[in-house]
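Reading through the structure tokens given below for one structure.
Quantities reported herein were computed from a predicted structural model and do not represent experimental measurements. We count residues from 1, following the sequence as given.
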Amino acid sequence: MADRRVRGSRTGRPIMALLDLLGRRWSLRVLWELREQPLTSRALRAACDDVSPTVLQTRLSELRDAGLVDHEAGRGYGLTPLGRELLVAFMPLYEFAGRWAEHA
């Protein structure tokens, strides 16, 4: 895996490609809103404070290409097992943010 270049990374470093993807506007919010259940495009847009449909579809496409989100007819968009694993890894940062906010 160390020798395999990662899509979206000029260096081939997976962490840099992941941080680039997650740093795009609305990417983390989309993943966060899908943490409990799949959502239709319309419900996801509403959960994301009415993000523009174009931006939402772009982010969903990028997250699908990355293997973090999938789409199931009749259910909407949901996290893949890899997407769920990412949110598990993200939870310590979420908890830290809560503690940090108390002191900020």
Next on the checklist: Closer than 3.5 angstrom, by distance alone: can the side chain of Arg59 be matched with the main-chain N or O of Leu56 as a donor-acceptor pair?
Outcome noted: no
Checklist entry - Should Leu34 and Leu87 be marked as a side chain to side chain contact (heavy atoms under 4.5 Å, CB included) after you check the CA-CA gap, both sets of side-chain angles, and the distance that decides it? => result CA-CA 10 Å; Leu34 295 175; Leu87 283 187; over 6 Å; no
Checklist entry - Is the count of non-hydrogen atoms from other residues, nucleotides or ligands lying under 6.0 Å from Glu85 atom CD greater than 12? => result no
Item to check | pair Val30-Val51: side-chain heavy atoms closer than 4.5 Å | outcome: no
Item to check | Where Glu33 and Cys48 come nearest, the two heavy atoms and their spacing | outcome: CG-SG, 4.0 Å
Checklist entry - Looking at OH of Tyr77 and CG of Leu60, how far apart are the two atoms once the value is rounded to the nearest 0.5 Å? => result 5.0 Å
Item to check | salt bridge (charged side-chain N to carboxylate O under 4.0 Å, His left out) against Arg75, all qualifying residues, sequence neighbours excluded | outcome: Glu72
Checklist entry - Which is it for Leu21 and Leu63 under the side chain to side chain contact (heavy atoms under 4.5 Å, CB included) test, yes or no, and what are the steps along the way? => result CA-CA 8 Å; Leu21 175 64; Leu63 294 168; 4.0 Å; yes
Checklist entry - Does the pair Arg99/Glu102 count as a salt bridge with the N-to-O cut at 4.0 Å? => result no
Checklist entry - Atom CZ in Arg45, atom CD in Gln57: separation rounded to 0.5 Å? => result 10.0 Å
Checklist outcome for this item: Those residues at least two apart in sequence (or on a different chain) that pass salt bridge (charged side-chain N to carboxylate O under 4.0 Å, His left out) with Asp50 are none
Item to check | Polar side-chain atom of Arg84 near backbone of Leu68 as donor-acceptor pair, under 3.5 Å | outcome: no
Checklist entry - When rounded to the nearest 0.5 angstrom, what is the spacing between CZ in Arg24 and OG1 in Thr58? => result 10.5 Å
Next on the checklist: Contact between Leu28 and Phe90 at the side-chain level, heavy atoms closer than 4.5 Å - yes or no?
Outcome noted: yes
Checklist entry - In Å and rounded to the nearest 0.5 Å, what is the OG to CG distance from Ser27 to Asp20? => result 9.0 Å
Checklist entry - Are Leu93 and Leu18 joined in one hydrophobic group, where the rule is that I, L, V, M, F, W and Y side chains link up if heavy atoms are under 4.5 Å apart? => result yes
Checklist entry - With a 4.5 Å limit on heavy-atom distance, are the side chains of Leu79 and Val69 in contact? => result yes
